[in-house]
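Worksheet: one structure, shown below.
Just so it is clear, the structure is predicted and the values come from calculations on it, not from any experiment. We count ligands from 1, going down the list as the structure has it; atoms in each ligand are counted the same way.
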Amino acid sequence: MVVTEQVKELQEKIKELAEKKKALILAHYYQRPEVQEIAHYVGDSFGLSKRASQTDAEIIVFCGVRFMAETAKILNPDKKVIHPNPESGCPMADMVSKEQVLRLKEKYPDAEVVAYINTNAETKTVSDVCVTSSNAVKIVKKLKAKRIIFIPDQALGNWVKKNVPQKEFIIWKGFCPPHFEFTAREVRELKERYPDAVVAVHPECHPDVIDMADFVGSTSQIIEFATTTPAKRVIVITEVGLKYSLLKKNPNKEYIFPETMNYCGTVYCCTMKGITLQNVYESLKEEKNEVILPKEVIERAKRPILRMLELAK
Ligand code: SF4
């Protein structure tokens, strides 16, 4: 990462403001490197939810997509949660609505609704438990229900189904546009080009891609795997933002990301990259772009999130 004087200056201003206002800055691994640098904590969805539930900061600035900032607000209803770019939503989260889930519940009254954390707050209000890619298998195994309605990610749903064969699954057909760009052919070509490399895949990828993995896990778990594997080269199939944290943790290893292009560059999650130093600075300075949710939504959506935090222990 080339850090210009201008970037450094803005980073310093944000850090000073955060200290003065007692603000906690949280960032997802897919954030721009210069944004990750000013965060007090960088993590995956589960780590961020946990961190958001433990803070005594007065303001939380959430550098991620909207559902993540909403989760922070749900866990901290009395705090000011700022989402620097309110336009930055997750396309997958928008693929299922509360009404659609209610219809499924009517059809399968004995099923429990397992909502990937990548759902909007409204959808969480009708869900039984949330999961992230790091704990979905563990949590679903612990549920009493024999039948599971899994929303909204079909890839993660199928991965959980494969690992929990004793249950029946009704899987919603949502998907993550950036992760679904990767193809098995591309992974095969990378394996041929780097025969000494091991392959780590995020479970939001297509099942054909997952089948080629030596390791499947969330972003944090991929970092852990990359750290502990004796392999010096790791082919990493997830959003390219993770490369920054991987290199920071293990600068002596080589990380190969696919060169797949999507509509905004080399497998970028465009909405994750909608958070910039400039909008972090402006929103913290003016305390604008606050996440506001109705009280009843907060109360109802909190239950599946707290249940996740409990069951993930
Ligand atoms: S990477 Fe996929 S699931 Fe994550 S925020 Fe972007 S679109 Fe949503």
Side-chain angles (χ1 to χ4, degrees), residues 26-33 35-36 39 42-49 52 62-72 83-97 114-124 127 130-136 150-160 171-183 200-207 209-210 216-223 236-246 257-258 260-276 279 291 308:
L26 300 176
H28 190 270
Y29 284 126
Y30 296 159
Q31 289 294 297
R32 298 166 184 272
V35 172
Q36 292 189 36
V42 182
D44 63 5
S45 299
F46 182 62
L48 291 166
S49 308
F62 210 112
C63 304
V65 288
R66 193 182 311 117
F67 76 80
M68 296 177 170
E70 284 181 348
T71 304
H83 185 213
N85 183 353
E87 300 298 311
S88 281
C90 164
M92 184 211 281
D94 294 336
M95 288 177 192
V96 69
S97 68
V114 176
Y116 191 17
I117 194 94
N118 301 33
T119 40
N120 298 322
E122 279 280 341
T123 311
K124 287 186 175 80
S127 302
C130 287
V131 294
T132 68
S133 49
S134 65
N135 60 32
F150 195 97
I151 57 162
D153 186 17
Q154 58 179 291
L156 183 63
N158 281 314
W159 171 246
V160 177
I171 298 172
W172 194 254
K173 292 282 181 214
F175 63 96
C176 164
H179 281 92
F180 253 44
E181 299 270 349
F182 302 117
T183 62
V201 174
H202 193 280
E204 282 171 18
C205 291
H206 194 278
V209 173
I210 291 181
V216 180
S218 70
T219 43
S220 290
Q221 291 167 333
I222 290 176
I223 293 176
V236 185
I237 314 294
T238 190
E239 209 264 7
V240 71
L242 189 65
K243 193 171 194 174
Y244 184 66
S245 291
L246 281 166
F257 280 71
T260 317
M261 299 296 281
N262 68 359
Y263 48 95
C264 61
T266 310
V267 184
Y268 262 27
C269 172
C270 313
T271 51
M272 279 280 188
K273 303 297 189 266
I275 308 293
T276 62
N279 57 34
V291 178
M308 169 185 79

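At a heavy-atom distance under 4.0 Å, no atom of E239 approaches ligand 1.
In this structure, W172 contributes its side chain and M95 its backbone to a donor-acceptor pair below 3.5 Å. Listed for the N135 side chain is a donor-acceptor partner under 3.5 Å among the backbone atoms of T132. Although no hydrogens or angles enter the test, the distance criterion places no donor-acceptor pair under 3.5 Å between the side chain of E204 and the main chain of H179. Checked by atom type and distance alone, the side chain of D44 never pairs as donor or acceptor with a backbone atom of S218 at under 3.5 Å. The main-chain N or O of E181 is never found under 3.5 Å from a side-chain atom of H206 such that the two would form a donor-acceptor pair. With hydrogens and angles disregarded, a donor-acceptor distance shorter than 3.5 Å links the side chain of R66 to the backbone of P86. The main-chain N or O of F175 is never found under 3.5 Å from a side-chain atom of Q154 such that the two would form a donor-acceptor pair.
Atom 2 (Fe) of ligand 1 has an N, O or S atom of C176 inside 2.8 Å of it.
Nearest to atom 3 (S) of ligand 1 among the protein's heavy atoms is N118 ND2, 3.2 Å. Atom 7 (S) of ligand 1 has P91 CD, 3.4 Å as its closest protein atom, hydrogens excluded (heavy atom only). Of all protein heavy atoms, the one lying nearest to atom 8 (Fe) of ligand 1 is C90 SG, 2.4 Å. The nearest protein atom to atom 6 (Fe) of ligand 1, hydrogens excluded, is given as C269 SG, 2.3 Å; this is a heavy-atom distance.
Each of the following atoms of ligand 1 lies closer than 4.0 Å to a heavy atom of V65: 5 (S). Of all atoms in ligand 1, numbered sequentially from 1 with element shown, those under 4.0 Å from a heavy atom of P178 are 2 (Fe), 7 (S). Applying the 4.0 Å criterion to heavy atoms of E204 picks out, from ligand 1, the atoms 2 (Fe), 3 (S).
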